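To keep things clear, I will list the structure first and then write my remarks on it.
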Protein chains: 2
Amino acid sequence: MSVPSLRARVRAETAEEIRAIAKRHLATEGANLSLRAVARDAGLVPSALYRYFPSRDALLTALITDAYAALAASAKAAEAAVPRDDLRARFLALSHGVRSWALDHPAEYALIYGSPVPGYAAPPEMVGPASEVAVTLIGIVFDAAGRGLRPTIPTRPLPAATAADLRRLLDKSPGPKPAWAEPAPESVIAIGFTLWTQLFGLVTFEVFGRLDDLIDTRREYFEHQILVMADLAGLDAGPAPGDG
Amino acid sequence: MSVPSLRARVRAETAEEIRAIAKRHLATEGANLSLRAVARDAGLVPSALYRYFPSRDALLTALITDAYAALAASAKAAEAAVPRDDLRARFLALSHGVRSWALDHPAEYALIYGSPVPGYAAPPEMVGPASEVAVTLIGIVFDAAGRGLRPTIPTRPLPAATAADLRRLLDKSPGPKPAWAEPAPESVIAIGFTLWTQLFGLVTFEVFGRLDDLIDTRREYFEHQILVMADLAGLDAGPAPGDG
DNA sequence: CTCCAAAAGAAACACTGTCCACTTACAGAG
DNA sequence: CTCTGTAAGTGGACAGTGTTTCTTTTGGAG
């Protein structure tokens with residue numbers, strides 16, 4: 001079992017090629033992915049595809065997994081390339097990372113952030129990849145809170161029930177707990193959710209054409225709206241370089 | 001031509017029944033609407049349906065039009081039931097109107113705010129119904145600006161190009177122009193777009209299941225996030241009643 | 001070399017949207 | 001009233017789909 005057999009390797013290769021072809025079809029044809037068409041392009045008979053994916057939905061699921069991973073990779077790479085002190089720049093980079101991947105892969109983006117597919121229920125192992133961007137974003141607002149940055153708006157008190165929801169979420173998540181007491185971590189998460197919603201709202205509107213005939217300067221508009229949210233959350237540049 | 005002929009009346013009736021059946025199918029089956037299944041339920045042979053809708057996409061378009069109208073009706077009715085002085089309550093009512101309709105009609109909501117259908121391009125006569133909610137929302141922030149309400153955050157200057165976009169939009173829109181000079185109407189529109197994006201971002205996340213296992217107290221969470229945006233925009237209750 | 005299991009193929013089934021030729025039924029003209 | 005043109009509805013076909021079953025080929029292990 002040390003080295004995978006030739007059969008196993010060529011099998012993995014074929015599966016990978018099928019995924020690639022399916023992604024190409026998705027990009028050109030749109031959401032209606034035809035199993036038979038990708039089989040044709042793969043030089044296979046339709047039923048042969050069932051040796052690799054038990055159903056069309058399974059192939060779709062594989063593409064969804066890949067899409068989540070690729071989106072998160074784009075977003076996290078952009079965010080990681082920025083000095084960690086500069087909270088505002090980290091949020092901006094993360095946002096642009098999400099947006100640019102989405103614009104480059106609109107069909108795949110629609111697959112993960114568009115209408116849920118009818119009978120499809122996300123397998124439990126998908127919640128990780130699916131929430132990577134949100135987790136990274138929450139990490140930024142947590143860092144900000146840890147550094148004493150405060151929202152520019154007086155923090156609106158959370159409804160008690162929702163605060164309990166968010167606290168439960170915090171307790172369930174791994175990693176060290178926040179060390180500060182003020183503001184309450186729940187309200188920091190709530191602000192993170194605000195940014196998260198706005199970020200994907202902006203991207204979804206742009207990718208799905210809701211800005212057509214309204215906004216021509218897409219990138220400027222996006223950046224402006226993101227910066228407004230950074231203002232709202234009180235995300236600010238860190239101390240001048242050479243301070244630590 | 002004064003009174004429609006019997007043939008015309010029964011024809012309109014049949015078309016309406018087809019739409020109703022299609023909506024029922026949409027609600028139960030999800031997005032994959034089968035023309036043949038609709039025809040079966042209507043007691044018709046599949047090809048007979050083509051006397052009423054030239055294609056499946058045309059039927060879909062009819063449903064989309066209805067959905068836009070119904071959503072706008074729900075939102076505007078809720079908004080209109082609130083004293084016009086109370087900008088915050090108007091925004092809150094509009095938001096709840098959008099949310100409750102979306103939750104009651106998730107499949108129809110997905111049709112209009114989910115992934116765009118592959119080959120489909122919205123006909124020009126759809127831009128009106130499609131933007132009714134946004135127009136109403138912009139109306140609220142305009143009213144607020146006219147009454148001297150200001151965002152709680154210092155207004156971030158718009159990028160010049162985007163400001164031009166928004167000004168063009170304002171010039172193109174009918175109705176009286178805003179009478180105040182400060183803040184610039186463009187930045188008021190920009191704030192309206194912020195609220196618009198957040199509103200539909202919140203609703204879409206909830207309807208599409210992105211809040212599953214995260215937030216149980218959906219309504220409280222939604223209202224909190226909406227109120228945060230009202231805070232941001234500086235929407236406030238009007239003067240005490242009996243002031244005008 | 002033999003044998004077995006994996007991979008690929010062939011064919012069928014039940015669907016789908018769409019088109020075409022044909023029949024039926026009705027509204028209006030003479 | 002009859003005649004006629006048009007609209008509505010029927011039946012059948014076509015190409016395409018996802019999926020299953022059975023069969024054939026083929027590659028690797030003993």
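Here the structure is a predicted model, which means the values were calculated and not measured.
For the OP1/OP2 pair of D:dA8 and a distance below 4.0 Å, the side-chain nitrogens and oxygens of B:Arg11 include at least one atom meeting the criterion.
Residue B:Arg56 is classed as a sugar-phosphate contact, given heavy-atom separations below 4.0 Å to backbone atoms only. Here A:Leu59 lies out of heavy-atom contact (under 4.0 Å) with every strand. Among the protein residues, B:Leu33 comes within range of the sugar-phosphate backbone only, with heavy atoms under 4.0 Å from sugar or phosphate atoms but none that close to a base.
A salt bridge links B:Glu206 to B:Arg99: at least one charged side-chain nitrogen sits closer than 4.0 Å to a carboxylate oxygen.
Using a 4.0 Å cutoff on non-hydrogen atoms, no part of residues 18-25 of chain B comes near DNA chain D.
Panel note: side chain B:Ser100, backbone B:His96; a donor-acceptor pair is recorded below 3.5 Å. With hydrogens and angles disregarded, a donor-acceptor distance shorter than 3.5 Å links the side chain of B:Arg56 to the backbone of B:Leu33. A donor-acceptor pair under 3.5 Å is formed between the side chain of B:His105 and the backbone N or O of B:Trp101. Side chain of A:Ser74 to main chain of A:Gly97: a donor-acceptor pair is present (N/O by atom type, distance under 3.5 Å, no hydrogens or angles).
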Under-3.5 Å N/O pairs linking protein and nucleotides 8-15 of chain C:
from	atom 1	to	atom 2	distance (Å)
C:dA8	OP2	A:Tyr52	OH	2.7
C:dA8	N6	A:Arg51	NH2	3.2
C:dG9	OP2	A:Val45	N	3.2
C:dA10	N6	A:Ser47	OG	2.7

Side chains of residues 39-52 of chain A: which donor-acceptor partners sit under 3.5 Å, not counting sequence neighbours?
from	atom 1	to	atom 2	distance (Å)
A:Asp41	OD2	A:Arg24	NH2	3.0
A:Asp41	OD2	A:His25	NE2	3.0

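As rounded to whole Å, 3 Å separates atom P of D:dT19 from atom OH of A:Tyr50.
Checking B:Gln225 against A:Thr194 by side-chain atom types alone, a donor-acceptor pair falls below 3.5 Å.
In this structure the side chain of B:Arg19 reaches within 4.5 angstrom of the side chain of B:Glu16, judged on heavy atoms.
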